[in-house]
Amino acid sequence: MIEDKLAILIKKSIVNAQNKNEFNDFVIPEVQIDRPHLTEHGDFATNIALQLKSKTEKNAMENAEIIASNILDNEVIESINIVLPGFINIDVKQSWIVKQIKLIKNKEFGNHDLGMDQSVQIEYVSSNPTGPIHIGNGRGASIGATLAKVLKKCGYQTEEEFYINDTGNQVKLFGKTLFARYNELYHIKIPIPEDGYLGEYMIDLAKKIKNEHQDLYLDEEKNAELTEIGLSIMIRQIQDELSSIGVKYTNWFYESMLHEKKTLELVVGMLDEKKFISHKENAVWFLSTKLGDDKDNVLIRSDGTPTYFAADIAYHFNKFAERKFDRVINIWGADHQGHVSRLKKAMKALSIDEDRLDILLYQLITLKRGNTIVPLSKRSGDIISLNEVFTETGKDAMRFFFLSQSANQSMDFDLELAKKQTKDNPVYYVQYANARIHAILDKAGHADYRISYNNLDLIKENEEIDLIKKLIEYPSIIKKVATELSPHHLPHYSIELAQLFHVFYTKCRVIDESNKKLTEARLALLDACRIILSDTLELIGVTAPEQM
RNA sequence: GCGCUCGUAGCUCAGUGGAUAGAGCAGCGGACUUCUAAUCCGCAGGUCGAAGGUUCGAAUCCUUCCGAGCGUACCA
């Protein structure tokens, strides 16, 4: 990365100055390299001279002068300007920028080795299998899928997992509701449980089972089997819907596995051994207050059944201790916020370093129809399924939309406006840039022009240089997304890149019959652009069409 | 009450210690005989919720207040 290169040059210059006694000895802090907003402030800037004030006992301007005068000869820096109150502004050589095109020959550009081959598991969506996934889950799906791809690009061994809560109260309710709906088809009236699932999809589900198995499960004693069949159909539907927006998991993990393998008992036993368990009012409690939480939490209810929390501790124990992931990232909706601290405390209690667990919360989506809020509840049957929204807006517009805001920002999703806004979605602006690139490359191919890196020095228009500068920013964007777990930078970057391409397209004609050398150099630039743009779109989870 | 997140242009949002705060949409005005006008160029639009503080420097950090969403279960 160019920033690293410049930081090293600056660091060397400070060492130089120290050796010449122009600076006294001190430990050099990390040199921060920024991209200034204004072009007159240079291509890059650093505030290191300001930061060193306390260490050198000189003022920032003096520091800057010393640093600038000690920078060794190099192929990158064109000029250095020192500006009050002590900024060092750096302009980079055009000849160096242009040469960078050569480095962008495939999609490995932008890769990092941050992960050092560590294994990381990313768990996301994990919605209850008692109903179809709703529109709100689309956000978690988009964030998770993109983050997984970026981490892979950064040298992690990634695994993507969907956790299926196939046991517990909600599943029981689901089973009872399904039983009632199924019987209804045979004109047998069985009341739907009070908190049952009222959505119409339960009727469809019952019909499906009737078509396949006829009256085989009318007997109440076979309710467990009926529930299992219902769940498996539901899960398949969830898989299909996620896959149709381009989200595919490496693993689907069933909660029931934890019960079968007695992981819960194991974990509760371990916590007991480490004195984090107490028995109060016939229930078993986890003493998270011992680790600084505000309150303790029930693991086993007074009726003997485990809570969701207990299962989740076992599940995470399984991730870390049994499957041995180095790192685990969970992507949760903000309504699970209260769960974060106690799960981390539980890991700590089990002697698992809580820093290995990252929980990324995304703020919830408020669904609206005009000015009225549309409530969402699986149980009441108020469901806007992911499926019905994306078939109207399209997968690409949806993925781009969900990713383009920071996870900390709550989102409004207006169902009426969604279709209208679809055509305004910036994703098309970006895709159009890609289509334009391919139009030129195709035409050049037919006319027998070849990409050539031999005459890159012919590239000197401002629009070309700006475009290349944006291209070589790509690795730092990827790094930012991976370290901050903030995938929303990708759509923004793609828009900026597309914009610079469109400007270039308007100002610089690529195929110029009178100038074959320039044409072939520009084809090299164009190809670099194609690679970065399509890689960005792939990470976002959006297609890169060659024609529009 | 306490905790988490947010408050930036008419709208939707970037920017989270750096210099004169940016983009899209909406608005107004221009540009197609050219490799795709789903494009480009220009104009207009802001006391960064409020007040204090920290420092060379604050939309960004701290404190208080105001407003919004979420959480605070022997639900998941």
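Letters A, B, ... mirror the listed sequences (proteins, then strands); counts begin at 1. Note that the structure is predicted; figures quoted are calculated from it, not measured.
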Using a distance-only criterion (donor-acceptor N/O pair, under 3.5 Å, no hydrogens), is the base of B:A76 paired with the side chain of A:Asn169?
no
Nearest to side-chain heavy atoms of A:Tyr505, which nucleotide of B:C40, B:C75, B:A37
B:A37
Among B:C56, B:A19, B:C25, which nucleotide has an atom closest to any side-chain atom of A:Asp424?
B:C25
Taking only the side-chain heavy atoms of A:Ile440 (C-beta and beyond), determine which of B:C35, B:G15, B:C6 contains the nearest atom.
B:C35
Comparing A:Asn165 with A:Ala435, nearest RNA chain B nucleotide closer to 5' gives the residue A:Ala435
Side chain to side chain, A:Leu147 and A:Tyr124, heavy atoms closer than 4.5 Å:
no
Using whole Å, what does the distance between atom P of nucleotide B:G57 and atom CE of A:Met61 come to?
17 Å
Pair A:Glu473 + A:Arg35: basic N to acidic O under 4.0 Å:
yes
Using a cut-off of 6.0 Å, state whether more than 12 heavy atoms not belonging to A:Glu484 lie near its atom CD.
yes
Let's see if you can work this out: which of B:C74, B:C56, B:G69 has an atom nearest to the side-chain heavy atoms of A:Gln363?
B:G69
Can you tell me the base-pairing partner of B:C70? Count Watson-Crick or G-U wobble geometry only, both distances below 3.5 Å, and say none if there is no partner.
B:G3
Over 12 foreign heavy atoms within 6.0 Å of NZ, A:Lys469
yes
How long is the line joining NZ of A:Lys470 and P of B:A23, in whole Å?
12 Å
From the candidates B:C13, B:A23, B:U5, the one with an atom nearest any side-chain atom of A:Gln499 is B:A23
A:His502 vs A:Tyr308, nearer the 5' end of RNA chain B by closest nucleotide:
A:His502
Within 6.0 angstrom of A:Lys290 NZ, more than 12 heavy atoms from elsewhere
yes
Can you tell me the distance, in whole Å, between the CD atom of A:Glu496 and the C1' atom of B:G15?
10 Å
Given B:U16, B:C70, B:C13, the nucleotide with the shortest approach to the side chain of A:Lys480
B:U16
Below 3.5 Å, does any donor atom in the side chain of A:Ser302 face an acceptor in the base of B:C74, or the other way round?
yes
Is a donor-acceptor pair below 3.5 Å formed from side chain A:Asn47 to base B:G18, judging by atom type as modelled?
yes
